[in-house]
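Contents: one structure, followed by commentary.
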Amino acid sequence: MRKEKTLFVVIPCYNEEEVLHETTKRLKEKMNSLIKEKLISEESRVMYVNDGSKDKTWEIIKSISEKEKLFTGITLSRNRGHQNALVAGLLTARNYADMVISMDADLQDDINAMDEMIKKYHDGCEIVYGVRSARKTDTFFKRFTAEGFYKFMEKMGVDLVYNHADYRLTSKKVLDNFANYKEVNLFLRGIFPLIGYKTDKAYYERAERFAGESKYPLKKMLNFAWDGITSFSVKPIRLILNFGIIVLFISLIMIIYSIVRKIMGATVPGWTFISCSIWFLGGVQMLSIGVVGEYIGKIYSETKQRPRFIISENLYESKKNK
Ligand code: UDP
Ligand code: MG
């Protein structure tokens, strides 16, 4: 008989005392049914990651893990933000699991999509992205900003899965590779598409938060978007460079125009010189900043020390181990 695979569900929690009991209740049911269907092994766990909460979150996690066999937790030394907490959880869970699913503590992402994710994992997918098929329950503002975010990111040259947040299944293999992405400015949903392997999507509808408030106010969202762009693309620098080229071009036209006007005698003394200088120097400066920026961009990508490739199969190794 096939040995079942072990699943870890990683959940970052920041001041989530209001939702934890309900979340635990729902996930317990889900995990038990998955175990019963033999989709996952009995060693599977839900791992809460306490992200330096200021309320009773960690106490609650500890008491749940004592009472419930399927639940466990880790805690961070202080609040490090959602993305860092998630990485801590993923990199810890990969030591015990064959596959890891990450989700939020408020269960806004339908946990019934887990079945499909796990089935796709068994079909050979290494990453399964949870994708929102509808945002009916989000407020107009949240929907507008969130969808605008994906479009803007695309324009800025960041490769993203549309309407996918951090609800995803990743195999142990993917996480072992992910561990080599040592960057500090984290934008996970941009990193996983870089890793490759066979991937798929699972669609679900996003629900409302059943208790508590969003821990992602507009300010955090904007910061997050900015991190995403500046961690994944040097396009903003290129824009400056292109702009510089355009201004320099305009300056040439201006110079010709000014000289013509001067010859025609239609200018006051000094005008030609000043207007030419302004345009020309402006263009040169912009262009120079752009060039300097290109080099900074290169330094910036190098300092990330991202792995340049991932070997997905090694025939020599696999033969040797036979
Ligand atoms: N979160 C975290 N650290 C933070 C902020 C949020 O671990 O500093 C967690 C939070 O507990 C939740 C998840 O990140 O599990 C998503 O947050 P939230 O549901 O508030 O965001 P929204 O769904 O409104 O975008
Ligand atoms: Mg939420």
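Along the sequence shown, the residues carry numbers beginning at 1. For ligands, and for the atoms within them, numbers begin at 1 and follow the listed sequence.
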Original post:
Do Tyr203 and Val161 share a hydrophobic cluster (ILVMFWY, side-chain heavy atoms under 4.5 Å, transitive)?
Top reply: yes
Original post:
Is the shortest side-chain N to carboxylate O distance from Glu29 to Lys25 below 4.0 Å?
Top reply: no
**OP:** Write out the protein residues near ligand 1, meaning a non-hydrogen atom under 4.0 Å from one of its atoms, in order of chain and number.
**Re:** Pro12, Cys13, Tyr14, Glu16, Asp51, Asn79, Gly81, His82, Asp104, Ala105, Asp106, Gln108, Lys142, Arg206, Arg209, Ser214, Lys215, Tyr216, Lys220
**OP:** Indicate yes or no: does Lys172 engage Asp176 in a salt bridge with an N to O separation below 4.0 Å.
**Re:** yes
Original post:
How would you list, by chain and number, every residue that makes a side chain to side chain donor-acceptor pair (under 3.5 Å) with Gln108, sequence neighbours excluded?
Top reply: Arg206
**OP:** List in chain and number order the residues that pass side chain to side chain donor-acceptor pair (under 3.5 Å) with Ser171, two or more places apart in sequence or in another chain; answer none if no residue qualifies.
**Re:** Glu126
Original post:
Between Lys298 and Glu294, does at least one N-O distance fall below 4.0 Å, as a salt bridge requires?
Top reply: yes
Subject >> Pair Arg26 + Glu22, salt bridge at N-O below 4.0 Å >> reply: yes
Original post:
Any idea how Phe149 and Phe187 line up, ring-wise: parallel (<30°), tilted (30 to 60°), or perpendicular (>60°)?
Top reply: perpendicular
Subject >> Sphere of radius 2.8 Å around the Mg ion (ligand 2) - protein N, O or S atoms inside >> reply: Asp106 OD2, Gln108 OE1
**OP:** Return the orientation label for the Tyr167 and Tyr204 ring planes: parallel under 30°, perpendicular over 60°, tilted otherwise.
**Re:** perpendicular
